[in-house]
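All chains are named by letter (A, B, ...) in the order of the sequence lines, taking the proteins before the strands, and each is independently numbered beginning at 1. Computed from heavy atoms alone, side chains included, the values below leave out hydrogens, waters and symmetry copies. The model shown is predicted, which means the values in this text are computed figures rather than measured ones.
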2 protein chains.
Amino acid sequence: MVINQQKSCANCKHCLVGKFCSPEWISKVDAGKNQLLYRKGQYIFYEGALVFGLHLVTEGKVKIISNVSGSKEQIVRLATDGHVLGRWGDKEDIYENSAVSLEDSVICFINNDLLHDVCLANPEFTFQLMKYYASELRKSGKQIKCLGQMPVKLKIVETLLHLVEIFGLDSKRNIAAAISRQEIAEMAAVNMEQVSREITALKKRRIISTNGKQIIINDLEKLQEIVATQMDILDLDS
Amino acid sequence: MVINQQKSCANCKHCLVGKFCSPEWISKVDAGKNQLLYRKGQYIFYEGALVFGLHLVTEGKVKIISNVSGSKEQIVRLATDGHVLGRWGDKEDIYENSAVSLEDSVICFINNDLLHDVCLANPEFTFQLMKYYASELRKSGKQIKCLGQMPVKLKIVETLLHLVEIFGLDSKRNIAAAISRQEIAEMAAVNMEQVSREITALKKRRIISTNGKQIIINDLEKLQEIVATQMDILDLDS
DNA sequence: ATAAAAACATGATTTATATCATTAAATTAT
DNA sequence: ATAATTTAATGATATAAATCATGTTTTTAT
């Protein structure tokens with residue numbers, strides 16, 4: 001995925017600019033943007049830093065995290081191809097979260113001034129960007145409900161479903177992302193041991209299997225049924 | 001606050017339409033919008049219902065709630081003057097939350113088609129609406145971190161600060177909204193008894209006082225310090 | 001290929017928080 | 001104003017989930 005030459009927005013499969021801006025503006029963004037490769041584990045921006053502009057994920061996987069008293073972390077959101085990181089920033093605006101690449105990822109940066117100009121000149125683009133944030137807000141609402149009201153086991157199942165929703169399944173029904181137990185714990189706001197226990201329980205019931213840290217979803221419908229009915233996996237007859 | 005005659009967007013203090021649309025479009029929205037009074041406790045829209053358009057809070061206070069297995073509820077967000085409820089909805093889109101008036105509130109409704117037209121014709125309006133959702137997303141991120149990572153006591157203090165941030169304090173330093181202990185619990189995702197206990201603890205330390213269900217913030221800085229330092233109120237010497 | 005280091009799994013124990021039970025205080029209605 | 005009803009406070013108890021401790025895989029590096 002190493003890129004030697006910046007791709008045009010028009011050729012990026014999921015890019016909102018390429019899909020919703022006029023040809024002239026696509027050219028202007030192509031000239032003004034900055035496309036970079038971030039290696040797995042690299043920070044794209046840091047909590048506390050000034051917001052200079054917007055990041056658009058061309059290709060890759062990213063976690064948005066929030067630091068909790070030094071060591072602990074909460075994963076607040078996930079992003080992949082076509083998603084947006086951060087936001088347009090007023091002067092003095094700082095990031096409240098950090099963005100970290102989960103795998104090698106290609107990401108475009110558009111600075112605040114250029115973004116504002118693009119938005120004013122391309123209302124359909126702005127409309128779509130508005131819809132994007134509204135949709136992320138909806139997902140956040142789901143997570144708030146999940147973290148606030150669900151018992152640990154359901155939080156973990158819900159998190160697995162969320163991973164499938166964002167990253168999808170590959171041809172072998174693997175969750176298409178290299179996510180550790182610790183990271184699942186940081187999404188669900190539980191501890192890692194509970195994730196291990198729950199994964200074991202789901203494996204015993206053959207709803208999932210694992211191959212190393214890879215998680216294979218054998219029975220997606222069953223997982224969905226578990227959250228829909230708030231059922232306890234261990235309550236099921238074995 | 002009873003309204004006999006619909007106000008023009010241009011005369012609504014905080015309305016994004018009045019502030020960022022052209023005069024012609026303000027007139028069109030005035031003609032096409034529907035301004036209604038919702039009494040305290042009334043539902044503005046229901047979880048599961050089709051999304052026909054956007055609601056703008058002219059004046060009032062609203063909670064956005066999500067139902068948890070029948071009886072329990074999670075407050076996902078709060079809204080007041082100038083805020084936006086719901087979102088532009090594609091056909092078949094349904095609400096994932098309900099919106100309930102916390103006090104008598106005047107709210108405008110703009111349907112999906114009109115909203116789309118307004119957005120395309122008024123890019124600065126769309127830009128501001130986009131910024132609004134991005135800003136709400138940021139607040140949701142804070143809440144996710146709070147619910148996921150903080151002990152009960154800090155969740156409650158953080159919730160009090162959030163109420164102050166959204167609704168402000170009146171001249172007597174009362175939180176300017178009629179919020180019950182149960183509702184604070186539904187924001188912080190804790191139970192009502194814990195809210196009572198924490199409020200008692202904060203009163204003993206004279207950081208807050210109460211007058212019935214009204215909460216008076218005597219020492220806002222101290223509250224902020226508590227969350228900033230993750231300090232336990234009961235650890236303080238009495 | 002082998003060693004070293006991470007990451008994961010699992011049982012025992014502790015702890016934070018929810019639930020339950022009761023009393024007291026505010027609201028609301030008569 | 002008084003009674004009725006709802007909301008809030010507080011103590012006792014139960015329980016879910018975190019922490020701790022240890023062993024086992026899996027991954028990474030040499």
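The nearest whole Å value for the distance from the NZ atom in B:K204 to the P atom in D:dA9 is 12 Å. Going from atom CD of B:Q230 over to atom C1' of C:dA16 covers 16 Å, rounded to whole Å. At whole-Å resolution of the value, CD1 in A:I184 and P in C:dC8 are 8 Å apart. Regarding B:E198, its CD atom lies at a distance of 12 Å from the P atom of C:dA18, rounded to whole Å. One atom, CE of B:M192, and another, P of D:dA9, lie 8 Å apart when rounded to the nearest Å. Rounding to whole angstrom units, CG of residue A:L202 and P of C:dA9 are separated by 12 Å.
The backbone N or O of B:G60 sits less than 3.5 Å from a side-chain atom of B:T80, completing a donor-acceptor pair.
Each end of the helix from C:dA1-D:dT30 to C:dT30-D:dA1 gets its own rotation axis from five pairs of C1' atoms, and the angle between them is 60° to the nearest 10 degrees.
Within residues 166-179 of chain A, no residue places a heavy atom under 4.0 Å from DNA chain D.
Every residue two or more places apart in sequence or in another chain that forms a salt bridge (Lys or Arg N to Asp or Glu O under 4.0 Å) with A:E136 is listed here: A:K139. Listed by chain and residue number, nothing satisfies the side chain to side chain contact (heavy atoms under 4.5 Å, CB included) test with A:K13 (two or more places apart in sequence, or in another chain). In this view, A:K213 and A:S180, A:R181 satisfy the side chain to side chain contact (heavy atoms under 4.5 Å, CB included) rule, not counting sequence neighbours. Residues forming a salt bridge (Lys or Arg N to Asp or Glu O under 4.0 Å) with A:K33 (at least two apart in sequence, or on another chain): A:D30. Annotation: salt bridge (Lys or Arg N to Asp or Glu O under 4.0 Å) contacts of A:D93 (sequence neighbours excluded): A:R87. Take B:N174 and apply the side chain to side chain contact (heavy atoms under 4.5 Å, CB included) test, not counting sequence neighbours, and it matches B:D170, B:K172, B:Q214, B:I216. Residues that satisfy the side chain to side chain contact (heavy atoms under 4.5 Å, CB included) test with B:Q149, not counting sequence neighbours, are A:V68, A:K72, A:Q74, A:A189.
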Exercise. Take nucleotides 14-30 of chain D nucleotide by nucleotide from the 5' end and write B, S or -, depending on whether a protein heavy atom sits under 4.0 Å from the base, only from the sugar-phosphate, or from neither.
Key: ---SBBB-----SS---
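Contacts of B:S196 with the nucleic acid, taken as non-hydrogen atoms under 4.0 Å apart, include base atoms.
Sorted by first and then second residue, the salt bridge (charged side-chain N to carboxylate O under 4.0 Å, His left out) pairs with a member in residues 160-169 of chain B form an empty list; sequence neighbours excluded. The salt bridge (charged side-chain N to carboxylate O under 4.0 Å, His left out) analysis of residues 184-197 of chain B, with sequence neighbours excluded, yields no pairs.
For the pair B:E96 and A:K142, the salt-bridge criterion is not met [side-chain N within less than 4.0 Å of a carboxylate O].
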